Number of protein chains: 2
Amino acid sequence: MDKRQKLIETAFRLFYQHGIHAVGVNQILEEAKIAKKTLYSHFESKEKLLEAVLEYRDARFVEWASQRMQQEHAGKAAILALFDALDDWFNDRVENLAAFHGCLFINTCSEYGDPSSTPHQLCRAHKRRIHELVKQELKTMAVAETDYLADMLTMLKEGAIVTAQVQGDKLAAKKAKRLAEQLLSSATIQ
Amino acid sequence: MDKRQKLIETAFRLFYQHGIHAVGVNQILEEAKIAKKTLYSHFESKEKLLEAVLEYRDARFVEWASQRMQQEHAGKAAILALFDALDDWFNDRVENLAAFHGCLFINTCSEYGDPSSTPHQLCRAHKRRIHELVKQELKTMAVAETDYLADMLTMLKEGAIVTAQVQGDKLAAKKAKRLAEQLLSSATIQ
DNA sequence: CATAAAGTAGACAAATCGTTCTACCAACGG
DNA sequence: CCGTTGGTAGAACGATTTGTCTACTTTATG
């Protein structure tokens, strides 16, 4: 088995559940049943491990989201499918994403507030990627102001995630979907 | 000078800027120029100090937000004033709130993921208070579904905060205001 | 003025942090 | 068969964590 991958996945689970500074490397090693030297042969520091975790999560998440969108017809249906996907995520119906504890990237920015730090920038890049996904979908539709619409749809998504996490509102995605629908209806030209 | 208050304000500033686990009590004491024994005579632990910080921030923030809303005519203008207030906050034009580093309550929930923990519950209570503020304003208006509208407006607010923090998008509040306007227009009966 | 309360600085304890290190073992290719 | 590679366990290091403690000083009040 790939030790490096095992470290990334274990660290992800612990960071996601308890926060980054709250989890020590010893705890990661214990759970992964991997020796300390092995960790430091693959990663030069805890922060480098975190960076690998963020890249791993980004890849998995974007892959999942885009698949869910592409399962529907391009355009409005695809975008609404994203909010259905969020609903599944919030209610722990997606095995690949681990039990919902908010967004790892938002959580990470809370702990790495300096925008010039590498973790913060990786989080920013992830959000840009999701934004791009939505924007590309909008471009296949007959709508004006795709930039503004993509901004609002992703902002709505962030709001739903935070509401689901902080308030424990399991219906957050369903509510957000309704507003997204309205937004798309009033924006569609044809 | 009230040492207890000085401790709360110093701890707030540091927690807000760097995160909670990243800041040690020694650092708080150094900056506040207060002895360790004094801290532990006022608060039985770091977490109790955090709880006092959350209560302090909650009071200041709700006071500020409701004042900004009440400066406008009741109803739609008051709610839109909230988004103008957010814009000032994101762009560091509000002295009382300290330099923008996202929302302390969202940040805290990232580090205290367990919803049954006291810090998490204090954050939840704060968000409920803001939600109530918006909902009461909606009740003075001729709109149906005040619950749904309050949900969406606060969700939009959370999305704007996260976008401003993670993406560094200083225009997030202005964009959110535009969608809020549209939402209120299409919901108004008269 | 005297006493009590509340502050000070900072040493200290016990634990944990991230990181480096030694010593050893197993598998594999030349 | 021997040396390299990559793994193991875990000791050790120095720094830092939260929290307690001693000893002293300031301040307020009766």
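Nothing here was measured: the structure is a model prediction, and the numbers come from that model. Atom set for the values below is all heavy atoms of this structure, side chains included, hydrogens, waters and symmetry mates excluded. Throughout, a chain's letter reflects where its sequence line sits, starting with A, and its residues are numbered from 1.
Rounded to whole Å, the distance from CD1 on Ile34(B) to C1' on dG10(C) is 16 Å. Going from atom CG of Leu50(B) over to atom P of dG19(D) covers 12 Å, rounded to whole Å. The interatomic distance linking Leu7(B) (CG) with dA6(C) (C1') rounds to 13 Å, in whole Å. Atom-to-atom, CD of Glu30(A) to P of dT8(D) comes out at 15 Å; the value is rounded to the nearest Å. In this structure, the NZ atom of Lys6(B) is 14 Å from the P atom of dG7(C), given to the nearest Å. Atom CG in Asn26(A) sits roughly 14 Å away from atom C1' in dT16(D) (whole-Å rounding). Rounded to whole angstrom, the span from the NZ atom of Lys3(B) across to the C1' atom of dT25(D) amounts to 13 Å. Spacing between atom CG of Leu29(B) and atom P of dG7(C) amounts to 13 Å, rounded to whole angstrom units.
Distances shown here put every side-chain N or O of Lys36(B) at or beyond 4.0 Å from the OP1 or OP2 atom of dT8(C). Residue Lys33(B) places none of its side-chain N or O atoms closer than 4.0 Å to OP1 or OP2 of dA9(C).
Between the side chains of Gln121(A) and Ser116(A), no donor-acceptor pair is found at a separation under 3.5 Å. The closest side-chain donor-acceptor pair between His131(B) and Asp151(B) falls under 3.5 angstrom. Side chains of Ser186(B) and Gln182(A): a donor-acceptor N/O pair is present below 3.5 angstrom, by distance only. At a cut-off of 3.5 Å, with distance as the only test, a side-chain donor of Lys76(A) or Ser185(A) sits close to an acceptor on the other residue. There is no side-chain donor-acceptor pair under 3.5 Å between Gln71(B) and Gln67(B).
Note on ring orientation: taking the six-membered ring where Trp is involved, the planes of Tyr112(B) and His21(B) are parallel (angle under 30°, cut-offs 30° and 60°).
Within residues 37-49 of chain A, the residues that have a heavy atom under 4.0 Å from DNA chain C are, in order of number, Lys37(A), Tyr40(A), Ser45(A), Lys46(A). The stretch residues 10-17 of chain B has no heavy atom under 4.0 Å from DNA chain D, so no residue of it qualifies as close.
Partners of Asp88(A) by salt bridge (charged side-chain N to carboxylate O under 4.0 Å, His left out), not counting sequence neighbours, listed by chain and number: Arg68(A), Arg93(A).
Just one of Trp89(B), Tyr16(B), Phe105(B) meets the ring pair (Phe, Tyr, Trp, His ring centres under 6.0 Å) condition when paired with Phe61(B); it is Trp89(B).
Between Lys135(B) and Asp147(B), at least one side-chain nitrogen of the basic residue sits less than 4.0 Å from a carboxylate oxygen of the acidic one, meeting the salt-bridge criterion.
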